[in-house]
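Okay, structure first, notes after.
To find a chain, count down the sequence lines: A is the first, B the second, and so on, and within it residues start at 1. Because the structure is a prediction, the values reported are computed rather than measured.
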Amino acid sequence: MSDATPRDFIRQIIHDDLESGKHDRIVTRFPPEPNGYLHIGHVMSICLNFGVAEETGGLTFLRFDDTNPGKESEEYVQAIERDVKWLGFDWEDRLTHASDYFDQLYAFAEQLIETGAAYVDSLSAEEIREYRGTLTEAGKNSPYRDRSIDENLDLFRRMRDGEFADGAHLLRAKIDMASPNMNLRDPALYRIRHVSHQHTGDKWCIYPMYDFAHTMSDALEHITHSLCTLEFEDHRPLYDWLLDRLQPEHRPRQIEFSRLNLAYAITSKRRLNALVEDGTVTGWDDPRMPTIAGMRRRGYPAEALREFVRRGGVTKKDKLIEMAAFETCVREVLGDVAERRMGVIHPLKVVLTNYPEGQVEMMQASNHPNRPELGERAVPFSGELYIERDDFMEDAPRKFFRLKPGGEVRLRNGYIIRCDEVIRDASGEITELRCSYDPDTRSGTGTSDRKVKGTIHWVSAAHAVPAEVRLYDRLFASPDPNSAEDFMQELNPQSLTTVTAMLEPALADLAVGEPVQFERVGYFCVDSADHSAAKPVLNRIITLRDSWAKIEKQAMA
RNA sequence: UGGGGCGUAGCCAAGUGGUAAGGCAUCGGGUUUUGAUCCCGUGUAUCGCAGGUUCGAAUCCUGCCGCCCCAGCCA
């Protein structure tokens with residue numbers, strides 16, 4: 001499906017660096033912090049980092065940026081590995097952690113101290129904030145800024161050895177407290193944190209900060225291009241400052257691109273976590289979540305996610321991409337791979353009054369109209385069927401091509417039927433339609449060449465497999481919940497509707513990960529968490545495009 | 001009000017001085033036993049605004065406006 005990958009500004013830089021001989025081979029990295037699940041925004045970073053390496057015969061590391069113990073966990077690292085793999089990328093033996101480099105990082109820190117480029121500060125957190133100044137006022141130097149190298153080294157070693165409590169001291173880079181760039185006002189390099197780490201246990205009680213750990217990990221892994229999002233643009237001067245002071249053998253280059261935001265979705269780990277915590281959704285993998293885990297469970301194909309970010313491109317402009325762009329990718333992939341079946345989501349009983357009592361016919365149905373190689377299947381047909389409630393209308397407008405009193409429709413892969421009588425219950429609700437069929441109109445074999453405007457799907461009542469089907473709608477009611485004051489107020493109360501559907505028998509043994517199309521309705525898959533043969537549970541991945549809905553809408557207006 | 005970015009049609013996005021690709025959406029139409037798919041066609045884009053340079057500018061210069069990010073011992 002993807003044509004040649006477009007050459008964006010990053011691929012252009014990489015191409016030039018290869019061409020000029022600056023690098024023989026490019027090395028990238030995808031560096032998530034294991035403090036939450038990956039979401040649609042990360043998909044772009046993953047595809048970019050692994051993508052440019054794949055395209056140029058380079059290498060990519062999956063590196064866990066685990067420098068903040070206490071907020072990170074093994075559950076998240078496993079989820080991240082699973083998600084990256086599912087997306088279709090392979091890091092081979094290049095799975096690393098920033099914590100793998102703690103010894104080397106520590107040595108780099110001492111080197112900074114020895115060259116007078118870093119010092120141990122003993123101000124409190126609040127004091128440091130005060131000394132930092134504001135966006136428009138310069139900060140001022142800490143009274144500890146001019147400690148001797150020996151004193152700094154001694155203090156830093158004692159920090160490492162656990163002699164001080166959390167917050168007592170802080171290793172800072174000595175740059176410029178008056179810099180207009182806040183990141184250069186003597187940024188923190190190492191803080192004391194008496195917490196055990198998921199990987200290094202209690203070996204350390206001081207942990208490196210992001211800027212320091214990230215920059216030097218990149219250098220240690222010989223990363224050539226460190227691709228990150230726009231909010232780190234202000235950090236690049238610090239990134240380069242560290243490389244200038246420490247002069248590692250390999251010098252990486254940081255390049256920033258804009259994040260991808262999807263309309264009607266949220267991509268903030270904090271907010272996603274809030275939805276999980278308060279039970280708004282059933283978990284990080286709730287099929288309504290924009291997490292990779294949620295989208296996988298929902299049934300969105302990995303290829304659709306990759307194609308979606310590919311189409312979006314890589315730029316520096318803030319994007320808020322419409323849902324429709326994503327949904328088109330999903331439908332394109334599914335339309336091609338999903339076999340066709342019949343399933344009735346909102347059943348309405350139809351009795352064929354002139355159909356031979358007790359007769360059952362097996363109707364041949366194509367598994368995919370555009371791919372005959374996928375073969376056919378037999379679907380049982382009988383005198384009692386279910387059709388979709390929406391496919392019958394009592395006071396139908398002229399352009400309604402489906403069933404109406406006295407009107408005719410074709411039953412897909414079956415016969416043409418006419419609606420003779422509408423049966424209601426005491427409350428006036430329609431409970432059944434009495435129809436007659438024309439035996440001469442059987443699909444494929446009928447001798448009649450009668451044409452009717454509409455074709456609807458059906459399931460034989462006696463053979464139907466009842467199933468719980470979860471119908472999803474967007475989680476948020478507004479297009480930009482990310483920038484809403486209170487995103488919880490933007491939730492769509494109709495994001496999940498559960499119905500009991502009637503499915504054709506072939507659907508009884510649908511496997512996990514195998515999407516199908518219910519003709520005229522949408523794409524569905526078995527729910528990987530809740531489904532069982534005894535109690536089937538399916539998810540609606542996405543509806544089919546529905547131009548009738550548009551016509552109806554226009555008629556209303 | 002300091003610094004760093006970004007501004008091409010409703011949403012994305014090519015374009016790097018020679019007179020505005022493409023995708024999605026929209027709106028028409030054709031095919032169709034899925035109102036799906038598929039196929040055609042459909043956009044006066046004052047290239048944020050205003051000046052300037054040039055034979056010629058979305059592309060260069062100047063000024064202005066708008067939006068995003070930065071004051072964690074988070075990443």
Side-chain angles (χ1 to χ4, degrees), chain A residues 3 6-8 31-33 35 65-68 71-72 121 123-125 128-130 132-139 166-172 179-185 187-193 206-207 209-211 213-214 228-237 256 258 260 263 269 308 311-329 331-332 335-336 340 342 366 368-370 399-402 409-414 416 441 443-444 451-457 479 483 517-522 543-551:
Chain A
D3 303 304
R7 180 168 292 174
D8 50 73
E33 179 187 11
N35 69 342
D65 225 326
D66 55 352
T67 55
N68 192 14
K71 293 204 167 179
E72 300 158 357
D121 198 355
L123 251 23
S124 68
I128 284 179
R129 196 188 327 121
E130 286 160 20
R132 186 154 31 230
T134 67
L135 294 178
T136 53
E137 301 161 42
D166 289 6
H169 302 287
L170 179 72
L171 184 72
R172 296 230 257 169
S179 173
N181 180 346
M182 301 299 287
N183 294 298
L184 262 23
R185 320 251 262 226
L189 262 23
Y190 260 95
R191 78 286 217 183
I192 300 171
R193 187 152 299 183
I206 57 172
Y207 294 96
M209 299 292 292
Y210 163 82
D211 289 290
H214 199 89
C228 63
T229 43
L230 245 30
E231 67 269 27
F232 293 104
E233 213 150 18
D234 284 345
H235 294 238
R236 186 169 6 110
E256 312 83 10
S258 62
L260 173 160
K269 280 185 189 170
F308 171 62
R311 290 185 192 182
V314 181
T315 65
K316 301 191 71 156
K317 181 175 145 189
D318 296 327
K319 332 170 191 284
L320 208 207
I321 303 183
E322 291 174 339
M323 231 350 174
F326 174 66
E327 294 182 332
T328 293
C329 295
R331 291 193 180 106
E332 278 182 24
D336 196 42
R340 265 101 261 218
M342 290 196 284
S366 169
H368 194 125
N370 307 325
K399 296 213 285 208
F400 185 78
F401 302 147
R402 284 112 91 161
V409 261
R410 155 137 249 141
L411 292 179
R412 175 104 166 124
N413 304 126
I416 290 176
T441 56
S443 281
K451 292 271 189 222
V452 285
K453 258 310 200 173
T455 299
I456 64 174
H457 56 99
S483 50
Q517 182 194 93
F518 289 4
E519 290 195 273
R520 305 208 314 125
V521 180
T543 61
L544 251 33
R545 194 172 259 120
D546 185 0
S547 57
W548 167 247
K550 259 178 226 163
I551 294 169

Roughly how far apart, to the nearest Å, are C68(B) and U8(B) at atom P? 15 Å
So which protein N/O to nucleotides 21-26 of chain B N/O distances come out below 3.5 Å?
residue, atom, partner, partner atom, Å
C24(B), O3', Thr328(A), OG1, 2.9
C24(B), O2', Ala325(A), N, 3.4
A25(B), OP1, Thr328(A), OG1, 3.0
A25(B), OP1, Arg545(A), NH2, 2.3
U26(B), OP1, Lys550(A), NZ, 3.0

Could you check how far NZ of Lys453(A) sits from C1' of U33(B), rounded to whole Å? 13 Å
Can you check the Ile551(A) CD1 to G35(B) C1' distance for me, whole Å? 6 Å
Identify whether any heavy atom of Gln517(A) sits under 4.0 Å from a base atom; if not, whether one sits that close to sugar-phosphate; answer base, sugar-phosphate or nothing. base
Rounded to the Å, how far apart are Leu189(A) CG and G72(B) P? 17 Å
What interatomic distance, in whole Å, is found between C1' of A25(B) and the corresponding atom of A45(B)? 16 Å
For the C1' atoms, the ones on U42(B) and on G3(B), what distance do you get once it is rounded to whole angstrom? 47 Å
With rounding to the closest Å, how many angstrom separate the C1' atoms on U44(B) and A36(B)? 35 Å
Which nucleotide in C70(B), G5(B), G35(B) has an atom nearest any side-chain atom of Leu135(A): C70(B)
Between C73(B), A14(B), G35(B), which nucleotide gets closest to the side-chain atoms of Thr315(A)? A14(B)
Would you mind calling G72(B) syn or anti? Take O4'-C1'-N9-C4 for purines or O4'-C1'-N1-C2 for pyrimidines, and syn is within 90° of 0. syn
Ignoring the backbone of Lys317(A), work out which of G35(B), C73(B), U8(B) is nearest its side chain. U8(B)
Rounded off to whole Å, could you give me the CG-to-C1' distance for the Asn183(A) and C70(B) pair? 6 Å
Report the nucleotide, chosen from U33(B), C70(B), C73(B), that has the shortest atom-to-atom distance to any side-chain atom of Arg410(A). U33(B)
Check: Gly313(A) main-chain N/O paired with Asp8(A) side-chain donor or acceptor under 3.5 Å: no
The nucleotide from C73(B), C11(B), G2(B) with an atom nearest the side chain of Leu170(A) is C73(B)
Starting at atom CG of Asp234(A), determine the distance to atom C1' of G72(B), rounded to an integer number of angstrom. 15 Å
Just how far, in rounded Å, is P of A36(B) from CE of Met342(A)? 19 Å
Heavy atoms under 4.0 Å, any strand shown: does Phe308(A) hit a base, just sugar-phosphate, or nothing? nothing
Considering only C70(B), G3(B), A36(B), which nucleotide approaches the side chain of Met182(A) most closely? C70(B)
Ser547(A) side chain near A36(B) phosphate (N/O to OP1/OP2, under 4.0 Å): yes
Toward the 5' end of RNA chain B, which comes first, Phe401(A) or Asp166(A), by nearest nucleotide? Phe401(A)
I want to check one thing: is the phosphate of G72(B), taken as OP1 and OP2, less than 4.0 Å away from some side-chain N or O of Arg132(A)? yes
Stacked pair Trp548(A)-G35(B), distance under 5.5 Å, angle under 30°: yes
For C73(B), give its Watson-Crick or G-U wobble partner with both distances under 3.5 Å, or none. none
Between C73(B), U33(B), G72(B), spot the one nearest the side chain of Ala188(A), thanks. C73(B)
Counting just side-chain N and O atoms, does Arg185(A) come under 4.0 Å of either OP1 or OP2 of G2(B)? no
Given C74(B), G35(B), A36(B), identify the nucleotide with an atom nearest to the side chain of Met209(A). C74(B)
Of the candidates A36(B), G3(B), C73(B), the side chain of Pro369(A) sits closest to A36(B)
Phosphate oxygens OP1/OP2 of G3(B): is one of them under 4.0 Å from a side-chain N or O of Thr136(A)? no
Can a side chain N or O of Lys319(A) be found less than 4.0 Å away from OP1 or OP2 on A13(B)? yes
Looking at G41(B), which nucleotide sits across from it as a Watson-Crick or G-U wobble partner, both distances under 3.5 angstrom, or is there none? C27(B)
Can you find a heavy atom in the side chain of Ser443(A) that is under 4.5 Å from one in the side chain of Arg410(A)? yes
Quickly work out the His235(A) NE2 to G3(B) P distance and round it to whole Å. 18 Å
How far does the C1' atom of A13(B) sit from the matching atom of C74(B), given to the nearest Å? 34 Å
Any side-chain N or O of Arg340(A) less than 4.0 Å from the OP1 or OP2 oxygen of A36(B)? no
Report yes if a donor N or O on one partner sits less than 3.5 Å from an acceptor N or O on the other, where the partners are the side chain of Ser443(A) and the base of U33(B); otherwise report no. yes
Under 4.0 Å, counting only non-hydrogen atoms across every strand here, what does Gly167(A) touch: a base, just sugar-phosphate, or nothing? base
What integer number of Å spans the P atoms of C60(B) and G15(B)? 14 Å
Walking RNA chain B from its 5' end, the first of Tyr210(A) and Asn413(A) to be reached, judged by nearest nucleotide, is Asn413(A)
Does the structure show a Watson-Crick or G-U wobble partner for G18(B), both distances under 3.5 Å? Name it, or say none. C55(B)
Would you kindly give the CD1-to-P distance between Ile456(A) and U32(B), to the nearest whole Å? 20 Å
Note, Cys329(A) side chain near Arg311(A) side chain (heavy atom, < 4.5 Å): yes
Between C49(B) and G7(B) - C1' atom distance, rounded Å: 11 Å
Is Lys71(A) salt-bridged to Glu33(A), cutoff N-O under 4.0 Å? no
In whole Å, measure the gap between the C1' atoms of C6(B) and A58(B) for me. 15 Å
For C6(B), which nucleotide is its Watson-Crick or G-U wobble mate, given both distances must be under 3.5 Å? G66(B)
